[in-house]
Protein chains: 2
Amino acid sequence: MKVKNYYKNLPHKTIERLSQYRRALLICLENGKTHIFSHEIASIQHITPVQVRRDLMLIGYSGTLRKGYNIQDLIDVISNIIDDEAGIKAAVVGMGNLGRALLKYIRGKRHKLEVVVGFDTSEDKIGKQYNGITCYSLDDLDRVVKEKDIKLAILTVPAAYSNDVADKLVKAGIKGILNYTPKPIRVPDEVYLEEYDMITTLEKVAFYIKMHQEEEEEEQQHSHDA
Amino acid sequence: MKVKNYYKNLPHKTIERLSQYRRALLICLENGKTHIFSHEIASIQHITPVQVRRDLMLIGYSGTLRKGYNIQDLIDVISNIIDDEAGIKAAVVGMGNLGRALLKYIRGKRHKLEVVVGFDTSEDKIGKQYNGITCYSLDDLDRVVKEKDIKLAILTVPAAYSNDVADKLVKAGIKGILNYTPKPIRVPDEVYLEEYDMITTLEKVAFYIKMHQEEEEEEQQHSHDA
DNA sequence: AATTTTATGTTATTTTTTTAACAAAACTTG
DNA sequence: CAAGTTTTGTTAAAAAAATAACATAAAATT
């Protein structure tokens, strides 16, 4: 059995939570904490302590019975799993409001995952610097991606172009795309694709507001009946 | 059995997909299509036709055997389920790059879900118009939310303030919060909370790129051995 | 020193979600 | 007009994810 690659069987949801745990842990570390209990992590992430312990069990990390988990150690263990040793370079493709917002969020946060360039079609933006990275023309995409060995693209172009740009990215050899465009794109199997749709999330919240509202109305109706 | 409220038992994932289906259907409608097959919807959304049919079964919508689903009808059925009849008003709280980007995305797309105001602390922004909505001071949040009957808040303030602002929103009577802040917030049970974390999504993509990469290296190793 | 409390780590169970299987219907083709 | 094809709708099975249950251990308390 290859111990080295045990994390390949980790559930997708666990991978997501590991990233979230790490972020929470980094904040705790900044605040001077050295140890943390499963129920503390759980409380931050709005989940149950059991789930935290189960995730940590899956990655083979053990805490101490009375002090909980060593924050720095746990950060290191998680980083070893989710980070690429050599680091992964990313590009923001589409430097509109969303692209620039994401860039600001990400820039400098993780040394193993760095946004190194941006792309846009607008003459105003090409050649300019944003949060310390330069914006290139989409025409130079293929060259720049190959030169800088960029593997991940954050797609934030207008929906109308999403498919064309995605094709370009694939041809340039990109390995993963995070699509923030409201239109699903099509890529070959070997390219990892994650679609995130803001409107869907928003409509979901609206739906549950509506539902909650109707439930309350119903309850009032009942108490009125009685 | 209350037929009126059957949709309260719909799986969460189905709700999400219904929103996605509708968006895809609206695009098809614009392109002049009148009918669509389950496998066409599936292909757009990167899922299986079975899942589409199952979701539509759950909402009680039937297509015709040879023509598939009537696009306009299906849009109406979905809208009846996920939209609030009276409409839900939303606010973008934090008019930075991300807030403005989301506003641009959403503005005018759904008439049953409308962003009506923005909030910010910056003097430069207060009083200004963005995509047709005015930006108010965060100090006026309570008043404006109540006056305009705003039920949903899109939280895009800097992480440091997320909890304080969330508390304000809850006090003002908000019913649902979509938190785009990289820090989880805490709200009472009666407020629906959806957290979305861009960094987690990004790190997830990076992880699967890494994994894929290692798998390929392994395969090369094997073929080298043989 | 015995008992209680509070955590962890792990197995078992339940719930949720996805996928498979297949009957029925409508159209097409030989 | 019979056989074949295609697509829906639904039930059954499988897979994934979350939750519960509980044994174990270390510290605190009585």
Side-chain angles (χ1 to χ4, degrees), chain A residues 6-21 25 28 33-71 73-74 77-78 189 194-195 200 204 207-208 211, chain B residues 6-21 25 28 33-71 73-74 77-78 184 189 193-195 200 204 207-208 211:
Chain A
Y6 72 94
Y7 50 76
K8 299 208 166 153
N9 300 315
L10 291 175
H12 281 225
K13 293 280 181 179
T14 296
I15 296 296
E16 285 177 20
R17 282 190 298 263
L18 288 177
S19 160
Q20 288 164 354
Y21 297 160
L25 292 169
C28 293
K33 268 177 89 95
T34 61
H35 289 77
I36 194 165
F37 295 121
S38 62
H39 65 257
E40 292 177 293
I41 299 176
S43 161
I44 297 169
Q45 298 300 143
H46 308 311
I47 56 175
T48 63
V50 194
Q51 193 153 58
V52 174
R53 292 205 300 277
R54 219 179 177 291
D55 285 334
L56 299 190
M57 183 197 82
L58 291 175
I59 65 173
Y61 183 72
S62 288
T64 52
L65 201 38
R66 212 64 191 189
K67 285 199 260 174
Y69 304 95
N70 180 300
I71 294 178
D73 281 1
L74 184 47
V77 170
I78 293 175
D189 281 350
E194 181 85 24
E195 308 252 7
T200 288
K204 191 179 161 192
F207 171 79
Y208 285 107
M211 218 175 77
Chain B
Y6 72 94
Y7 51 77
K8 297 207 168 152
N9 300 315
L10 291 175
H12 281 226
K13 292 279 181 182
T14 296
I15 296 296
E16 284 177 20
R17 281 191 298 262
L18 287 177
S19 159
Q20 287 165 353
Y21 296 161
L25 292 169
C28 292
K33 268 177 88 95
T34 61
H35 289 77
I36 195 165
F37 295 121
S38 62
H39 61 83
E40 291 177 296
I41 300 176
S43 161
I44 296 169
Q45 298 300 143
H46 307 312
I47 56 176
T48 63
V50 195
Q51 194 153 57
V52 174
R53 293 205 300 276
R54 217 179 178 292
D55 285 335
L56 300 190
M57 184 197 82
L58 290 176
I59 65 172
Y61 182 72
S62 289
T64 52
L65 202 37
R66 214 64 190 189
K67 284 199 259 175
Y69 303 96
N70 179 301
I71 294 177
D73 282 0
L74 184 48
V77 170
I78 293 175
D189 282 349
L193 173 64
E194 181 85 25
E195 309 251 6
T200 289
K204 191 178 161 194
F207 171 79
Y208 284 107
M211 218 174 78

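So you know, we letter chains A, B, ... as the sequences are listed, proteins then strands, and number each from 1. Keep in mind it's a predicted model, so treat the numbers as computed, not measured.
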Residue closer to the 5' end of DNA chain D, M57(B) versus I47(A) (nearest nucleotide):
M57(B)
Reading DNA chain D from 5' onward, which residue's closest nucleotide shows up sooner: F37(B) or Q51(A)?
F37(B)
In whole Å, I'd like the distance from the NE2 atom of H39(A) to the C1' atom of dT8(C).
12 Å
Evaluate the side-chain proximity of Y21(B) to T14(B): yes if any heavy-atom separation is below 4.5 Å, no if none is.
no
Any base atoms under 4.0 Å from S38(A), or only sugar-phosphate, or nothing? Heavy atoms, all strands.
sugar-phosphate
Check whether any side-chain heavy atom of N70(A) lies under 4.5 Å from a side-chain heavy atom of Y61(A), and answer yes or no.
yes
Nearest-angstrom distance from the residue atom CG of D55(A) to P of dA16(D):
16 Å
Mind calculating the distance between NE2 (H35(B)) and P (dT7(D)) to the nearest angstrom?
14 Å
Scan residues 61-71 of chain A against DNA chain D and write down, sorted by residue number, each residue with any heavy atom closer than 4.0 Å; if none is found, say none.
L65(A), R66(A)
Check whether any side-chain N or O of R17(A) sits under 4.0 Å from OP1 or OP2 of dA18(D), and answer yes or no.
yes
Assess whether side-chain contact (heavy atoms from CB on, under 4.5 Å) is satisfied between L56(A) and L74(A), documenting all intermediate values.
CA-CA 9 Å; L56(A) 299 190; L74(A) 184 47; 3.9 Å; yes
Whole angstrom value for the distance that separates P of dC22(C) from CZ of R54(B)
17 Å
T48(A) backbone acceptor or donor facing Q51(A) side chain under 3.5 Å
no
As an exercise, state the distance from CG of L10(A) to CZ of R17(A), rounded to the nearest 0.5 Å.
10.5 Å
For Y69(B) and R53(B), run side-chain contact (heavy atoms from CB on, under 4.5 Å): C-alpha distance rounded to whole Å, both residues' side-chain angles, the deciding distance at 0.1 Å, then the answer.
CA-CA 10 Å; Y69(B) 303 96; R53(B) 293 205 300 276; 3.5 Å; yes
What is the distance, to the nearest angstrom, from the CG atom on L58(A) to the P atom on dA16(D)?
14 Å
Taking donor-acceptor contacts at under 3.5 Å, does the side chain of R53(A) reach the base of dT10(C)?
no
Can you tell me the distance, in whole Å, between the CG atom of L56(B) and the P atom of dG9(D)?
8 Å
Interatomic spacing from CD in Q20(B) to CD1 in I47(B) - rounded to 0.5 Å
7.5 Å
Whole-Å distance between dA16(D) C1' and H12(B) NE2?
17 Å
In whole angstrom, give the distance that lies between atom CD1 of I41(A) and atom P of dA7(C).
13 Å
